[in-house]
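This report concerns only the one structure given below.
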Amino acid sequence: MVRFGLVVVTILVILGLVSFSEAQLKLGFYDKTCPNAEKIIQAVVNQHIRKVPSLAAGLIRMHFHDCFVRGCDGSILINATSSNQQVEKVAPPNLTVRGFDFIDLVKTVLEKKCPGVVSCADIITLATRDSVAAIGGPTWNVPTGRRDGRISNATEALNNIPPPFGNFTTLITLFGNQGLDVKDLVLLSGAHTIGVSHCSSFSNRLFNFTGVGDQDPSLDSEYADNLKSRKCLSIADNTTQVEMDPGSRNTFDLSYFKLVLKRRGLFESDAALTKDPTALGQVRGFAGGSLQDFFVEFGKSMEKMGRIGVKTGSDGEIRRTCSVVN
């Protein structure tokens, strides 16, 4: 009887492991249910990236902000259905996130081919990879099978998304909460090699760093003076955009790391990478290393981030419209 019980338990464990493994992300998840899904996404990306290369930076940011709140589940895409509902989209960190219309476009194309099959979470993840590759940046594996979340909360976004004014302790805590380490922090910060920022994300460094009208001493003074005289003319400016990597905003390269070492990183979070010996060593290594090595390591961190808190199997849903829960 004991032996029979052990056999039953063993079988149940094996079945549990099988169902668990089936529920995990895997490469080519849609090969049978929507064979051309990844090609369709890539085609739409390639069609638009030539006209709007800045799309790559926008999608990286969207993907990053999505994964840090309830995992990579597309919850950043959800619209409020009532005036008192505070979804992730309206949280301060997400007010300048771009690319929502593009994700909706991709979803519309996929729904015509394979209705109710491809998740919005997977669309964000794949489109991010494809857009970065399309501008000459790195590529990486994207295992698929994510399902979409049903909950979107602005407070959670505010509490979990690493802020541009974060010090090293804040940043590594928020990254650590997601299973990411110092190397991931440095590598994913390297995405600041493309894209722009609004003055409001860093103007306190220029005009009122400690509340007495002073300038952040960790910011190169010549660079700060240039920003104040030519870009962000006052601390009230919340519309002007500034390149995070001046001169190569659409080129995925190593110059971001070199700028950080020159104290010309735009954000406090950039400067924070020089305050920790391990992070600083990583910055120096990438600044003086090969572009290919950075591409490989960046891709590993992006794939790792893309696995944060994913919903698979029967969890979540496959939204028919990315901005609306079914």
Side-chain angles (χ1 to χ4, degrees), residues 10-46 56 59-60 62-77 103 106-134 137-151 175 178-181 183-184 187-188 191 295-320 322 325-326:
T10 302
I11 292 173
L12 289 173
V13 169
I14 291 173
L15 289 173
L17 289 174
V18 169
S19 64
F20 178 78
S21 64
E22 286 177 347
Q24 298 311 290
L25 303 181
K26 68 175 184 179
L27 293 172
F29 179 84
Y30 299 108
D31 283 354
K32 293 182 179 179
T33 54
C34 189
N36 293 318
E38 295 193 25
K39 289 182 180 178
I40 290 170
I41 294 172
Q42 186 179 48
V44 179
V45 167
N46 290 341
L59 290 178
I60 285 183
M62 177 190 289
H63 185 32
F64 179 79
H65 285 206
D66 182 47
C67 291
F68 269 69
V69 185
R70 292 184 171 267
C72 309
D73 67 348
S75 54
I76 193 173
L77 304 172
I103 297 299
V106 177
K107 178 65 169 175
T108 298
V109 174
L110 284 168
E111 284 296 297
K112 290 178 180 177
K113 297 289 185 180
C114 314
V117 174
V118 183
S119 70
C120 301
D122 273 341
I123 292 173
I124 294 175
T125 312
L126 288 163
T128 298
R129 188 269 312 272
D130 292 344
S131 65
V132 171
T139 189
W140 56 91
N141 289 329
V142 176
T144 44
R146 295 166 190 78
R147 288 171 65 84
D148 299 320
R150 298 186 178 96
I151 298 172
F175 270 69
Q178 307 299 339
L180 302 175
D181 56 26
K183 187 174 183 180
D184 298 314
L187 282 162
L188 295 175
F295 277 14
V296 169
E297 296 303 317
F298 181 83
K300 290 178 183 177
S301 283
M302 286 297 292
E303 182 177 350
K304 185 176 177 181
M305 184 184 79
R307 293 178 178 273
I308 294 173
V310 295
K311 294 169 178 62
T312 57
S314 59
D315 290 343
E317 64 183 16
I318 305 297
R319 276 184 234 136
R320 292 185 290 271
C322 286
V325 174
N326 291 347

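As the structure is a computational prediction, the values presented were derived from the model and not from experiment. What's counted below: heavy atoms across the whole structure, side chains too, no hydrogens, waters or symmetry copies.
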What I'd like to find out is whether the side chain of [X] reaches to under 4.5 Å of the side chain of [Y], using heavy atoms alone.
| X | Y | answer |
| --- | --- | --- |
| D315 | D73 | no |
| I41 | L110 | yes |
| V142 | T128 | no |
| I76 | V69 | no |
| V132 | M302 | no |

Gap between atom OG of S301 and atom CG of L187 - 0.5 Å precision: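 Rounded to the nearest 0.5 Å, the CG-OG separation comes out at 4.0 Å.
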How long is the gap from CD on E317 to CZ on R147, to the nearest 0.5 Å? 8.0 Å
Checking M305 against H63 for the side chain to side chain contact (heavy atoms under 4.5 Å, CB included) test, could you report, in this order, the C-alpha distance in whole Å, the side-chain angles of both residues, the deciding distance, and whether it holds? CA-CA 9 Å; M305 184 184 79; H63 185 32; 3.5 Å; yes
Could you pull out the closest heavy-atom pair between V118 and A37, with the gap in Å?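 The answer is CG2-CB, 3.9 Å.
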Provide the closest heavy-atom pair for A121 versus R146 in the form atom of the first, atom of the second, distance. CB-CB, 3.8 Å
With L59 as partner, the option from D130, T125, I124, I103 fulfilling side chain to side chain contact (heavy atoms under 4.5 Å, CB included) is I103
Check: [Y] main-chain N/O paired with [X] side-chain donor or acceptor under 3.5 Å:
| X | Y | answer |
| --- | --- | --- |
| D66 | S75 | yes |
| Q178 | F68 | yes |
| D122 | G145 | yes |
| R150 | G316 | yes |

Can you label the angle between the F175 ring and the F64 ring as parallel, tilted or perpendicular, going by 30° and 60°? tilted
What's the verdict on salt bridge (charged side-chain N to carboxylate O under 4.0 Å, His left out) for E297 and K300, showing C-alpha distance, side-chain angles and the deciding distance? CA-CA 5 Å; E297 296 303 317; K300 290 178 183 177; 3.3 Å; yes
Per the salt bridge (Lys or Arg N to Asp or Glu O under 4.0 Å) rule, what does the pair list look like for residues 107-116, sequence neighbours excluded?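 For residues 107-116: K107-E111.
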Could you walk me through whether R307 and E303 pass the side chain to side chain contact (heavy atoms under 4.5 Å, CB included) check? CA-CA 7 Å; R307 293 178 178 273; E303 182 177 350; 3.4 Å; yes
Set of salt bridge (Lys or Arg N to Asp or Glu O under 4.0 Å) partners for D181, sequence neighbours left out: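 Only K304 meet the salt bridge (Lys or Arg N to Asp or Glu O under 4.0 Å) criterion with D181.
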